[in-house]
Amino acid sequence: MNVTRRGFLKGTGATAGAMVITSAIPLPAWADDANGIILTAGRWGAMNVEVKDGKVISSKGALAKTIPNSLQETAPDQLYTQARVKYPMVRKSFLAAPGKPDGKRGSDEFVRVSWDDAYKLIHEQHMRIRKEHGPASVFAGSYGWRSSGVLHKAQTLLQRYMSLAGGYSGHLGDYSTGAAQVIMPHVVGSTEVYEQQTTFPMILEHSQVIVLWGVNPLNTLKIAWTSTDEQGIEFFNQLKASGKTVIAIDPMRSETIEFFGDKAQWLAPNMGTDVAMMLGIAHTMVTKSLHDKAFLDKYTTGYDKFEEYLLGKSDKTPKTAAWAEAICGVPAKQIELLAEIFSKNRTMLMGGWGMQRQQYGEQKHWMLVTLAAMLGQIGTEGGGFGFSYHYSNGGNPTRSGGILSAISSTVAGGSSAGNDWATSDAVNSFPLARIVDALEKPNTKYQHNGHEGTYPDIKMIWWAGGANFTHHQDTNRLIKAWQKPEMVVVSECYWTAAAKHADIVLPITTSFERNDLTMTGDYSNQHLVPMKQVVAPLYESRNDFDVFADMSELLKAGGRKVYSENKEEMDWLREFYDAAQKGARAQRVNMPQFNQFWQANKLIEMRNNEKNDKYVRYAEFRADPIMNPLGTPSGKIEIFSKTIEGFGYKDCPPHPSWLEPVEWKGSAKEGQLQLLTAHPAHRLHSQLNYAKLRELYAIADREPITIHPDDAKARNIANGDLVRAFNDRGQVLVGALVSDGIKPGIVCIHEGAWPDLDPAAGGICKNGGANVLTKDIPTSQLANGCSGNTALVYIEKYTGPVLPLTAFEPPKGESAKA
Ligand SMILES: Nc1nc2c(c(=O)[nH]1)N[C@H]1C(S)=C(S)[C@@H](COP(=O)(O)OP(=O)(O)OC[C@H]3O[C@@H](n4cnc5c(=O)[nH]c(N)nc54)[C@H](O)[C@@H]3O)O[C@H]1N2
Ligand SMILES: Nc1nc2c(c(=O)[nH]1)N[C@H]1C(S)=C(S)[C@@H](COP(=O)(O)OP(=O)(O)OC[C@H]3O[C@@H](n4cnc5c(=O)[nH]c(N)nc54)[C@H](O)[C@@H]3O)O[C@H]1N2
Ligand SMILES: [Mo]
């Protein structure tokens, strides 16, 4: 099959010949159609996509692996689901009276319009709003896991357009590590969460005890921000075979703990009580003199003040193992044993992020670093702590070779390059997870990391590449606040709840309908993968790049040229590739010429670097803390932070402390359970919720809720029952998964099910969207992170009317002709 002959590249800007797939391409063993295999990639890795007669039949991972990755099989679903947005659509009453909020977002019908009419409508309202209210009233901080790629970067492309238009309001931080990424620079001088870790080979060679503290790598390593290099899950598989001691601390028996089986010890603390548990371990260490005083003296500051708290000298409460047991529910004997095991072995504490996505989340990672400092193994081979082993294959060594550059949020050179356009970036940025707070309280002051900020008065929102109706806490509060702006535009491939709550929805291509490039492994940069277009854009979908380039033309004649820097898709890719090739050459790694690479339909694997293979985080600091100080004010690990003390935040004291969250076991009323919203195995957040994979996990056609048998029995709930989970923020319909794999008193609904609220049935979410129940509060004033794991709920057997699922159905008016 000669793909170009189908002519589907027409108008995408791809150069002729770019997509010629010849039979000379070496094929993976599973393929039987020599002409139809196209290499591309997603967050979930490099994929071979099988095309027949212009239609995608299947997709499979392109890298060898031991453990299959379910997400790689979803290409046909991604393209052909009924949930695709097919045409530009406008909310009926918005079309009748643009720019006048009427409280109907989410309940109105949609009307199909032409692309030109959609552009014109957006442009006119955008210009009016900008003129009346200034650039800060335009929110373009659009967050989310848009598809992989260095060109088709939805947010960046949106911001590039908004910069040309004169600036916008943006965001600070993210939902992932909101708390940790702000506290860690105060403690160790870097964010830690997005950094290369002591490598997997070093762990396998040197570590004796590996602690999985709230980490579920078998799930979370299925994806990476760039594209997974797939080495992380292989590492955990090797770790399992190694016979090393693995201890997993998690309120739920996660997929990872299941995977390790009897090769790991599972300890289940109550949710959100890890700081108490760690304090119990620390206290035991001090009383048994197991802590490394020399390390604490040489490499840390403020331990003495922390020890006063630990021993109860400052607050009359010694943080003994028995004290900890009463809070975390792990027996004191086990806590004491952990102190012995950790301190007498080379121990690596791997910390996940779910536990910092909670009120006072900052304390978790601070305390874990403090514990590691007391163990004195930071900077040793295989010892210390690591906060990115479960993410983007953080322990895979960095390769030698080329790294792709990417499109930026401002046009090259800006005004200095001779165009008279402002290249203003964000004019006001506020902590991302506070967006509903900002909508509710425009022009109000807030605290963030020692600074005072002021929320903008948001009148226009353009969201591209994120699913904020799934990702944000307290959906009902969000729905209300979302009625306020004068215009909401959503660029989407699918009819997500966010799209259904917009005024204007623009149909965007999936990554299979355009050309791009990606590296694999956020730290390793192991492969460079062509993300080839696989099929023609479906329906009237367009690339984000083209949408914003077109919109730029409306800003000013010639604007498309300025936006695109006069380069189309393949020109950009060639440029990014050439930059990588140049970088590779500097490291004496050869990469083929772009044309040759693109024709070959093959990825490039970068060369191993022996030095990087042996990378040990903090080794240089350990070797010489004077010459290699940390980026903290003292240059040392700060167990007490004078900077944070100076902020005077009651919700973030100057040393790691146990603080009781507003909603947790200790504050639960009779019948209330704690809600865990872990990340899902067969989705990336909300992405792929519509896919066939859903059959692997859905119960009674709903998102499952994991319930301990004791909690189920007390409520007369059986496995497979429909369950109503509720609190004063909302209610959801879920399917009961009764299992002893969760601590009693806790239930889990994985984040990411598409909200499907039914106004006719009391607003119940028919698809089990976890965030209908969660609390929208900041972790603290320090970081203002997301607290999606802070919530109490009631559950009961559902006995109401049958409520068919509508989550994946397009809204009313979708198929109407323009
Ligand atoms: N309760 C609770 N809530 C949570 C979490 C939790 O643990 N608990 N986790 C939080 C975390 S860590 C995160 S990162 C967030 C995730 O939140 P998001 O990143 O917003 O979630 P995704 O479902 O990945 O949404 C990505 C969206 O981009 C769309 N998209 C994909 N490609 C393109 C493209 O090329 N162009 C455009 N325009 N759109 C595209 C997809 O269709 C999808 O709707 O959720 C957060 N929310
Ligand atoms: N398959 C898949 N992979 C993903 C994602 C996805 O949605 N699907 N999301 C990606 C993104 S954006 C991110 S940010 C990362 C998320 O990575 P994480 O934030 O680490 O993932 P979570 O599932 O929220 O939490 C990890 C584990 O912590 C446990 N946990 C939760 N609360 C507590 C607690 O209070 N104490 C203890 N000890 N454990 C607790 C959970 O039960 C879970 O097993 O994953 C990435 N990888
Ligand atoms: Mo995340």
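Indexing begins at 1, ligand by ligand and atom by atom, following the structure's order. Keep in mind that what you see is a predicted model, and the values were worked out from it rather than measured. Numbers for residues simply follow the sequence, beginning at 1.
The CD atom of Gln473 lies 9.5 Å from the CG atom of Leu478; values are rounded to the nearest 0.5 Å. Taken to the nearest 0.5 Å, the CD1 atom of Ile749 stands 5.5 Å off from the CG atom of Leu773. Interatomic distance, NE2 of His472 versus CG of Asp776, reported as 3.5 Å (0.5 Å rounding). Taken to the nearest 0.5 Å, the CD atom of Glu258 stands 8.5 Å off from the CH2 atom of Trp266.
Listed by atom number, the atoms of ligand 1 under 4.0 Å from Thr496 heavy atoms are 44 (O). The contact set between ligand 1 and Ser491, taken as ligand atoms under 4.0 Å from a residue heavy atom, comprises 37 (C), 38 (N), 39 (N). Within ligand 1, counting atoms from 1 as listed, the ones closer than 4.0 Å to a heavy atom of Leu684 are 23 (O), 24 (O). Taking every non-hydrogen atom of Gly788 and a distance limit under 4.0 Å, the qualifying atoms of ligand 1 come out as 1 (N), 2 (C). Atoms of ligand 1 lying under 4.0 Å from any heavy atom of Glu492, numbered from 1 in the order shown and given with element: 27 (C), 28 (O), 29 (C), 41 (C), 42 (O), 43 (C), 44 (O). Listed by number with element, the atoms of ligand 1 under 4.0 angstrom from any heavy atom of Tyr494 are 42 (O).
Proximity of Thr677 to ligand 1, defined as any heavy-atom pair under 4.0 Å, is shared by backbone and side chain alike. The residue Cys748 has no part lying near ligand 2, judged by heavy-atom distances below 4.0 Å. Neither the backbone nor the side chain of Arg683 has any atom closer than 4.0 Å to an atom of ligand 1 (non-hydrogen atoms only). With a heavy-atom cut-off of 4.0 Å, Gln473 touches ligand 1 through its side chain alone. Residue contacts with ligand 2 for Ile223 involve side-chain atoms from C-beta outward but no N, CA, C or O (heavy atoms, distance under 4.0 Å). Contacts between Leu676 and ligand 2, counted as non-hydrogen atom pairs separated by less than 4.0 Å, involve the side chain only. Residue contacts with ligand 2, taken as heavy atom pairs separated by less than 4.0 Å, involve Ser254 solely via side-chain atoms from C-beta onward. For Trp145, heavy-atom contacts with ligand 1 shorter than 4.0 Å involve the backbone as well as the side chain.
Across every non-hydrogen atom of Val182 and Ala783, the tightest pair is CB-CB, 3.6 Å. Of all the heavy atoms in Pro269 and Met277, the pair that sits closest is CB-SD, 4.0 Å. Arg694 approaches Glu703 most closely through the heavy-atom pair NH2-N, 4.5 Å.
Summarising the contacts of atom 9 (N) of ligand 1 with Gln687, His471, His679, His750, the nearest heavy atom is found in His679. Heavy-atom proximity to atom 12 (S) of ligand 2, evaluated over His685, Met278, Glu751, Met271, is greatest for His685. Of the candidates Ser70, Pro661, Gly352, Gly214, the one placing a heavy atom closest to atom 26 (C) of ligand 2 is Gly214. Selection from Asn219, Thr273, Leu267 by nearest heavy atom to atom 1 (N) of ligand 2 gives Asn219. For atom 28 (O) of ligand 1, the choice among Gly465, Ser147, Gly144, Ser142 with the nearest heavy atom turns out to be Gly465. For atom 35 (O) of ligand 2, the candidate residues are Ser686, Gly272, Ala268, Ala180; the nearest heavy-atom contact is made by Gly272. Looking at Gly351, Pro251, Gly354, Ser388 and measuring to atom 40 (C) of ligand 2, the nearest heavy atom belongs to Pro251. Taking only non-hydrogen atoms, the option from Gln358, Met252, Lys222 nearest to atom 33 (C) of ligand 2 is Gln358. Distances from atom 14 (S) of ligand 1 to the heavy atoms of Tyr175, Tyr143, Tyr690 put Tyr143 nearest.
By the 4.0 Å heavy-atom criterion, Met277 is excluded from the residues contacting ligand 2. The closest approach between Gln356 and ligand 2 stays at or above 4.0 Å for every heavy atom of the residue.
Geometrically, ligand 1 and Thr774 share no nitrogen or oxygen pair separated by less than 3.5 Å. Polar contact check, Ala467 against ligand 1: a nitrogen or oxygen pair lies under 3.5 Å apart. Checked by distance only, ligand 2 and Leu221 stay at 3.5 Å or farther apart across all their nitrogen or oxygen atoms. Not one N or O of Asn270 is nearer than 3.5 Å to an N or O of ligand 2, by distance alone. When only interatomic distances are considered, the shortest N/O to N/O separation between Ser176 and ligand 2 does not fall below 3.5 Å. Remark: ligand 1 and Thr470 share no N or O pair separated by less than 3.5 Å (distance only, no angle test). Between Ile249 and ligand 2, at least one N/O pair is under 3.5 Å apart.
Protein heavy atom closest to atom 20 (O) of ligand 2, with residue, atom name and distance, is Trp353 N, 3.0 Å. For atom 19 (O) of ligand 2, the nearest non-hydrogen atom of the protein is Arg357 NH2, 2.7 Å. Of all protein heavy atoms, the one lying nearest to atom 45 (O) of ligand 2 is Thr220 CG2, 3.2 Å. Regarding atom 42 (O) of ligand 2, its nearest protein heavy-atom neighbour is Asp250 OD1, 2.7 Å. What sits closest to atom 38 (N) of ligand 2 on the protein, heavy atoms only, is Asp274 OD2, 2.7 Å.
The six-membered or imidazole ring of Tyr391 lies away from that of Trp225, with a centre-to-centre distance of 6.0 Å or more. The aromatic ring centroids of Phe259 and Phe236 lie 6.0 Å or more from each other. Taking the six-membered ring wherever Trp is involved, the centroid distance between the rings of Trp462 and Phe548 falls below 6.0 Å. Ring-centre distance between Phe469 and Trp482: below the 6.0 Å cut-off. Residues His471 and Tyr143 place their aromatic rings such that the two centres sit under 6.0 Å apart.
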